[in-house]
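Computation of the quantities below employed the complete heavy-atom set of this structure, encompassing side-chain atoms and omitting hydrogens, waters and symmetry-equivalent molecules.
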Amino acid sequence: MLDLKLVRDKQEEVEAALARRNGGFSVTELIEVDVALRKVQGDWERLNQRTNEITELFKSGKLPAAEMSALREETKSVKQTRETLEASKAELEERLSKIRLSIPNIPDPSVPDGTDETCNTQVSQWGTVPAIANPKHHYELGSNLNVFDFTRGVKLAESRFTVLMEMGAKIERALMNFMLDSHSRRGYHEVFPPILVNRQCMMGTGQLPKFEGDFYKCADDELYLVPTAEVPVTNLYRDEVLEEQDLPVYHCAYTPNFRREAGSAGKDTRGYIRQHQFNKVELVKFCLPEHSNEEHEKLTRDAELILEALELPYRRVILCAGDLGFSAQKCYDLEVWFPAQDKYREISSCSNFGDFQARRANLRYRPADGGKPRYLHTLNGSGLAIGRTLAAILENYQQPDGSVRMPDALAPYLNGVTLLTPSQPK
RNA sequence: GGAGAGGUGUCAGAGUGGUCGAUUGUGCAGUCCUGGAAAGACUGUCUGCGUCAAAAGCGCAGCGAGGGUUCGAAUCCCUCCCUCUCCGCCA
């Protein structure tokens with residue numbers, strides 16, 4: 001949610017910044033409604049003032065009977081006018097909040113121009129792409145190694161659900177623990193939040209109201225399956241005021257994630273890359289506004305360290321303004337190398353939201369000097385998407401005979417298993 | 001799921017329908033006192049919106065949420081939500 005005062009004072013700058021996104025957002029209607037609302041509110045407040053005056057007169061004690069009934073009459077008419085005003089006030093407020101909730105965040109000045117993902121630019125690159133002759137896809141390798149059972153996943157749910165079998169299940173669990181342990185060592189406090197969250201949470205981080213159809217929702221309860229741990233973890237401190245000295249706050253969390261939209265693109269119809277349900281370890285930060293850029297770099301670095309520990313080649317790209325997510329003001333994607341696809345694929349997305357989510361979720365901190373509460377800044381990033389990590393390991397660590405080595409970093413988590421071979425018993 | 005209790009300011013906890021943004025205690029900040037601290041004394045200490053260049057000031061709103069009664073509601077009535085306790089059912 002944008003700062004209304006900023007929009008009022010710097011309409012043209014805001015509009016120009018929003019124009020860098022796709023979709024042509026305008027704030028003219030917002031301004032109109034805001035002006036109208038403030039006028040109605042002023043009128044309404046003056047009526048309240050009069051009502052309060054009349055109440056005072058009654059309180060003072062003995063009023064002549066004639067005056068009392070005159071005042072009663074006046075209150076009646078004031079009440080009528082007020083009801084009319086209240087109706088339009090409510091309508092304007094509704095419109096205003098609807099508009100505000102549907103306008104995305106302003107791209108940071110350091111975000112490059114561009115219309116879509118083809119305009120994203122590489123910032124850095126790590127590792128060397130392995131030389132593999134005729135690399136197999138992760139889903140071929142994984143099926144042969146009894147890591148994935150795609151067919152039964154569909155039987156149990158529907159397409160884009162997969163059963164992890166045997167070592168598949170174990171590696172997934174190992175990755176989860178490895179990631180959480182690594183981040184914990186770097187100061188991220190681990191939490192394990194509810195997987196179902198209420199509507200307010202989804203509004204707070206910006207998933208709703210705009211993308212209603214993208215999520216799984218309970219039929220009989222106002223609850224949603226989380227599309228990312230970002231939602232519950234960012235909402236941990238919703239409607240709270242943190243102390244400045246407690247900032248920054250770092251959290252890491254594992255959750256499964258559920259996304260309906262995952263199938264709509266028609267991409268990655270095979271394999272384990274794009275599922276309706278997938279596991280992820282998420283990093284979330286709350287910090288002072290003046291530190292969020294620096295914290296963003298550090299957070300992205302913390303996600304990269306997981307890829308480096310697993311020795312997976314990757315690159316960092318900065319998203320152009322047109323590809324930026326709704327709530328983000330700046331975002332780096334980490335893309336891991338997939339040999340069989342012969343390209344880098346997204347495995348982490350690290351965003352700085354500025355105060356956009358903080359306004360929606362009412363996340364504030366009390367300055368150390370005791371001043372008024374201010375909105376803090378929120379950030380998050382995948383650290384990492386576990387399923388894609390598993391897929392990337394299969395492809396990058398594959399051997400010519402169809403077996404797959406395991407990354408050294410996972411050794412403590414795999415009970416000594418260092419190699420997956422097709423002959424492995426079921 | 002059944003029965004009961006309750007939702008007020010950092011917390012605890014008052015509040016005959018008007019004098020309540022709200023007693024008091026506690027916490028916090030400042031001043032005094034002290035060699036220093038504790039204790040004690042005093043003062044201050046909620047948030048949002050509007051007005052204003054800004055601050056002060058002023059106005060409006062807020063006692064879980066939403067309605068109703070009334071000249072006037074934290075206080076009365078209705079609906080909803082949430083929390084707690086006991087029972088049941090379970091992991």
Just the rounded figure in Å: distance from [atom2] of [N] to [atom1] of [X].
X      : N     : atom1 : atom2 : result
A/Q245 : B/A29 : CD    : P     : 10 Å
A/L363 : B/U47 : CG    : P     : 17 Å
A/E243 : B/G27 : CD    : P     : 16 Å
A/E56  : B/G59 : CD    : P     : 11 Å
A/E93  : B/G62 : CD    : C1'   : 14 Å
A/D43  : B/G59 : CG    : P     : 18 Å
A/N198 : B/A65 : CG    : P     : 17 Å
A/L37  : B/C60 : CG    : C1'   : 13 Å

Atom [atom1] of residue position [X] - does it have more than 12 heavy atoms of other residues, nucleotides or ligands inside 6.0 Å?
X      : atom1 : answer
A/E12  : CD    : no
A/N415 : CG    : no
A/R186 : CZ    : yes
A/K89  : NZ    : yes

Using the side-chain contact (heavy atoms from CB on, under 4.5 Å) criterion, which residues pair with [X]? Sequence neighbours excluded.
X      : value
A/Y139 : A/H137, A/F150, A/R270
A/D181 : A/R185, A/Y413
A/E91  : A/R95
A/S77  : none

What integer number of Å spans the [atom1] atoms of [N] and [M]?
N     : M     : atom1 : answer
B/C11 : B/U26 : C1'   : 7 Å
B/C87 : B/U45 : C1'   : 46 Å
B/C89 : B/U47 : C1'   : 43 Å
B/C77 : B/G25 : C1'   : 34 Å
B/C63 : B/A22 : C1'   : 8 Å
B/G67 : B/C81 : C1'   : 14 Å
B/A39 : B/G30 : P     : 15 Å
B/U75 : B/A91 : C1'   : 45 Å

field: A/I54 side chain, from C-beta outward: closest of B/U47, B/C71, B/A61
entry: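 Among B/U47, B/C71, B/A61, the one nearest the side chain of A/I54 is B/C71.
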Residue-phosphate contact under 4.0 Å: A/N52 side-chain N/O, B/A61 OP1/OP2: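 Checking A/N52 against B/A61: at least one side-chain N or O falls below 4.0 Å of OP1 or OP2.
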query: Any salt bridge between A/K98 and A/E29, counting N to O under 4.0 Å?
result: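 Answer for the salt bridge query: no.
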How about [X] and [Y]: does a side-chain donor come under 3.5 Å of a side-chain acceptor?
X      : Y      : value
A/Y188 : A/D302 : yes
A/R21  : A/N105 : no
A/T205 : A/E230 : no

task: Any chance you could lay out the side chain to side chain contact (heavy atoms under 4.5 Å, CB included) test for A/T389 and A/V336, step after step, and finish with the verdict?
output: CA-CA 8 Å; A/T389 307; A/V336 69; over 6 Å; no
What protein N or O atoms touch nucleotides 48-53 of chain B N or O atoms at under 3.5 angstrom, if any, and at what distances?
| from | atom 1 | to | atom 2 | distance (Å) |
| --- | --- | --- | --- | --- |
| B/G48 | OP1 | A/R364 | NH1 | 3.2 |
| B/C49 | O2' | A/Q41 | NE2 | 2.9 |
| B/G50 | OP1 | A/R8 | NH1 | 3.0 |
| B/G50 | OP1 | A/R8 | NH2 | 2.8 |
| B/U51 | OP1 | A/R38 | NH1 | 3.2 |

message: So, using side chain to side chain donor-acceptor pair (under 3.5 Å) as the criterion, who are the partners of A/S349 when residues are at least two apart?
response: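 A/S349 satisfies side chain to side chain donor-acceptor pair (under 3.5 Å) with A/D333 only.
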Within residues 70-86 of chain A: residues closer than 4.0 Å to RNA chain B (heavy atoms):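 Residues of residues 70-86 of chain A that come under 4.0 Å of RNA chain B are, in numerical order, A/R72, A/T75, A/K79.
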query: Heavy-atom contacts under 4.0 Å between residues 231-241 of chain A and RNA chain B, which residues?
result: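 Of all residues in residues 231-241 of chain A, none places a heavy atom under 4.0 Å from RNA chain B.
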Secondary-structure string, 5' to 3', Watson-Crick or G-U under 3.5 Å, | for another-strand partners, for RNA chain B: ((((((((..[[..)..(.....]].((((((.......))))))((((((.....)))))).[[[[[..)....]]]]])))))))....
task: Specify the residue among A/G371 and A/R50 whose closest nucleotide of RNA chain B lies further upstream toward the 5′ end.
output: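 The answer here is A/G371.
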query: Toward the 5' end of RNA chain B, which comes first, A/R366 or A/N48, by nearest nucleotide?
result: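 The 5'-side residue here is A/R366.
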Between protein and nucleotides 80-84 of chain B, what N or O pairs are separated by less than 3.5 Å?
none

- request: Any pair with a residue in residues 279-307 of chain A that passes ring pair (Phe, Tyr, Trp, His ring centres under 6.0 Å), sequence neighbours left out, goes on the list, sorted by first then second residue, please.
  value: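 Residue pairs with at least one partner in residues 279-307 of chain A: A/Y237-A/F286, A/H296-A/Y332.
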field: Test side chain to side chain donor-acceptor pair (under 3.5 Å) applied to A/E308 and A/Y314, step by step
entry: CA-CA 8 Å; A/E308 291 177 20; A/Y314 72 89; 2.5 Å; yes
Any A/L101 side-chain heavy atom under 4.5 Å of A/M1 side chain: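 Touching, per the 4.5 Å side-chain cut-off.
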query: Do any pairs count as a salt bridge (charged side-chain N to carboxylate O under 4.0 Å, His left out) and have a residue in residues 202-214 of chain A, sequence neighbours left out, and if so which ones?
result: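 Non-adjacent pairs meeting salt bridge (charged side-chain N to carboxylate O under 4.0 Å, His left out): A/R199-A/E212.
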